[in-house]
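Encoded as structure tokens, here's the structure I'll be asking about.
Residues take their numbers from the sequence shown, with the count starting at 1.
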Amino acid sequence: IRMLQDLTGVDPKTVPLDDPETMKLFSSAAPLGVSPDDLGFDLGTLGIPEFGTEFARQMLEETKPQTFAELVYISGLSHGTNVWLGNAQELIKNKQATLLEVISTRDKIMNDLIYRGLPPKAAFTIMEKVRKGRSLDEEDIQLMKEYEVPQWYIDSCLKIRYLFPKAHAVAYVMMGFRIAFFKVHYPEAFYAAFFTIRSTDFDAELVLGGPEQLREKMKELKAKGNEMTAKEKGLYATMEVAQEAMLRGIRFLPVDLYRSDATRFLITPHGLLTPLTTIQGLGGAAARTLVEARAEGEFYSVEDLKTRARLSSSVIEVLARQGCLKGLPATNQLTLF
């Protein structure tokens with residue numbers, strides 16, 4: 001959030017939480033101006049905290065939220081245990097209940113029961129038992145039936161093992177919605193901030209190879225299914241966002257020895273300039289050493305670069321493959337004729 005504010009000058013606290021185009025992002029890819037066929041699904045929430053994972057996207061596709069309140073319900077459902085899968089998901093799919101009716105947060109149980117007429121203390125006690133995953137007593141169930149609480153609601157209570165507090169869900173959704181606002185209205189800033197944070201999962205060579213190469217790599221990783229390593233999962237998630245950015249017309253520029261930042265993606269008139277840390281094998285400390293070396297003056301040769309910046313041969317090879325060493329002679333030696 002702070003990075004987005006620095007890049008745009010927009011205070012995130014001023015972002016309207018009812019912005020129509022931002023709200024559409026949670027049910028359609030239309031605000032991004034990209035085709036669902038090209039993207040692979042009809043949502044615009046990639047890279048949005050709480051709503052960008054495959055699990056969260058499945059929930060959004062099934063519920064099609066239209067309001068901020070519905071997003072809060074979805075956040076609660078996604079953080080609970082035995083709340084969505086095998087519970088609310090089935091109730092909504094079978095049309096036994098709507099998104100606004102199913103149990104999503106712990107507070108909702110107490111408010112629902114009080115609304116139905118249960119004594120506040122009894123409603124609170126039932127809520128506490130359910131949100132901690134403790135079984136309800138026969139007396140609790142009988143009391144709920146006396147006040148005509150639907151059987152599906154009682155069954156749902158009995159399945160739950162943990163419930164998220166509504167205040168937490170609201171805070172998470174506020175943060176996610178504000179970031180989504182920047183994604184819609186300030187795309188370059190959004191992607192620059194996102195990839196800066198995820199730079200260790202960003203494969204510059206893969207992205208600079210073009211959309212087709214990127215799609216092939218993503219297809220290869222997807223085929224591994226549950227066998228994907230944690231690193232590969234991180235790479236896949238980052239590549240999904242990179243593909244989306246390119247579909248929106250965002251260009252990625254290769255590392256520039258003199259202009260690239262050590263760790264941040266920079267917004268330029270021609271695209272996002274990748275940072276030094278996207279070079280395979282070049283960590284943050286090494287990138288800062290390179291920045292210090294270039295501040296002392298231009299590099300006269302590849303040999304000079306390698307020595308002054310203390311770079312390994314493998315990093316030099318990657319720089320060469322990405323075209324970063326064009327114009328640099330191999331050594332400082334001159335041949336006299």
Side-chain angles (χ1 to χ4, degrees), residues 3 47 188 191-224 228-246 250-333:
M3 197 181 300
E188 292 87 358
Y191 292 112
F194 177 85
F195 291 118
T196 293
I197 293 168
R198 299 291 293 270
S199 61
T200 55
D201 291 323
F202 188 90
D203 189 323
E205 284 193 271
L206 192 57
V207 174
L208 294 170
E212 191 56 41
Q213 183 176 322
L214 189 62
R215 278 193 291 270
E216 284 304 311
K217 182 62 177 180
M218 288 172 63
K219 196 180 297 181
E220 177 190 319
L221 290 174
K222 189 74 171 176
K224 290 188 175 185
M228 269 199 286
T229 65
K231 184 172 179 59
E232 287 174 331
K233 288 177 181 177
L235 172 63
Y236 184 85
T238 303
M239 293 304 98
E240 275 190 311
V241 182
Q243 176 186 240
E244 177 189 83
M246 287 191 278
I250 303 289
R251 290 186 61 207
F252 291 93
L253 307 178
V255 163
D256 185 296
L257 284 179
Y258 296 102
R259 296 190 303 121
S260 286
D261 187 78
T263 59
R264 291 191 172 209
F265 281 73
L266 301 180
I267 300 172
T268 78
H270 305 293
L272 298 183
L273 182 60
T274 52
L276 298 172
T277 48
T278 59
I279 297 296
Q280 188 177 1
L282 193 67
R288 286 186 283 274
T289 299
L290 199 161
V291 169
E292 291 170 4
R294 76 188 184 190
E296 297 170 359
E298 66 178 288
F299 301 110
Y300 298 109
S301 65
V302 175
E303 181 183 54
D304 181 43
L305 167 65
K306 184 177 180 181
T307 302
R308 283 167 52 194
R310 290 176 279 181
L311 301 179
S312 67
S313 297
S314 60
V315 169
I316 291 294
E317 288 175 11
V318 176
L319 287 168
R321 284 201 302 270
Q322 291 191 21
C324 304
L325 305 181
K326 286 180 181 177
L328 270 184
T331 68
N332 294 344
Q333 294 177 347

Can you tell me how far the CZ atom of Arg288 sits from the OG1 atom of Thr277, to the nearest 0.5 Å?
9.0 Å

Donor-acceptor under 3.5 Å (Arg259 side chain, Leu273 main chain)
no

Interatomic distance, NZ@Lys219 vs CG@Leu214, rounded to 0.5 Å, equals 11.5 Å

Evaluate the criterion side chain to side chain contact (heavy atoms under 4.5 Å, CB included) for residue pair Leu266 and Thr274; output intermediate values, then yes/no.
CA-CA 7 Å; Leu266 301 180; Thr274 52; over 6 Å; no

Within the structure provided, determine whether Thr229 and Lys224 are in side-chain contact (heavy-atom separation under 4.5 Å).
no

Salt-bridged, Arg264 to Asp261, with N to O below 4.0 Å?
no

One should read off an interatomic distance between Met228 CE and Lys233 NZ, to the nearest 0.5 angstrom, of 6.5 Å

What are the two closest heavy atoms between Asp201 and Lys231, and how far apart are they?
OD1-O, 4.4 Å

Is the number of heavy atoms from other residues, nucleotides or ligands within 6.0 Å of CZ (Arg310) greater than 12?
no

At their closest point, which heavy atom of Pro275 faces which heavy atom of Ala262, and how far apart are they?
CB-O, 3.7 Å

Can you check side chain to side chain contact (heavy atoms under 4.5 Å, CB included) on Lys217 and Leu235, steps first, answer last?
CA-CA 10 Å; Lys217 182 62 177 180; Leu235 172 63; 4.2 Å; yes

Within-4.5 Å side-chain heavy-atom neighbours: Leu319 and Leu311:
yes

Atom CD of Gln280: over 12 foreign heavy atoms under 6.0 Å
no

Quick one, Met239 with Val207, criterion side chain to side chain contact (heavy atoms under 4.5 Å, CB included). Give me CA distance, side-chain angles, the key distance, then yes/no.
CA-CA 8 Å; Met239 293 304 98; Val207 174; 3.8 Å; yes

Please find the pair of heavy atoms, one from Glu205 and one from Gln213, that lie closest to each other, and give the distance.
O-NE2, 3.9 Å

Would you give the length of the straight line joining atom CZ of Arg251 to atom CD of Glu188, rounded to the nearest 0.5 angstrom?
13.0 Å

The ring pair (Phe, Tyr, Trp, His ring centres under 6.0 Å) partner of Phe202 among Tyr236, Tyr191, Phe194, Phe195 is Phe195

Where is the tightest heavy-atom contact between Met246 and Phe252, given as atom of each residue plus distance?
CG-CE1, 3.9 Å

Flag, side chain of Ser260 to backbone of Leu276, donor-acceptor distance under 3.5 Å:
no

Stepwise, does the side chain to side chain contact (heavy atoms under 4.5 Å, CB included) test hold for Leu253 with Leu208?
CA-CA 7 Å; Leu253 307 178; Leu208 294 170; 5.9 Å; no

OG1 (Thr238) and CE (Met218) are apart, to the nearest 0.5 Å, by 10.5 Å

State whether the side chain of Thr331 and the backbone N or O of Glu303 hold a donor-acceptor pair below 3.5 Å, judged by distance alone.
no

Has the side chain of Ser199 got a donor or acceptor atom that lies under 3.5 Å from a matching backbone atom of Thr278?
no

Rounded distance (nearest 0.5 Å) linking atom CG of Leu257 with atom CG of Leu328
6.5 Å

Distance-only polar pair, side chains of Ser312 and Lys306, donor-acceptor under 3.5 Å
no

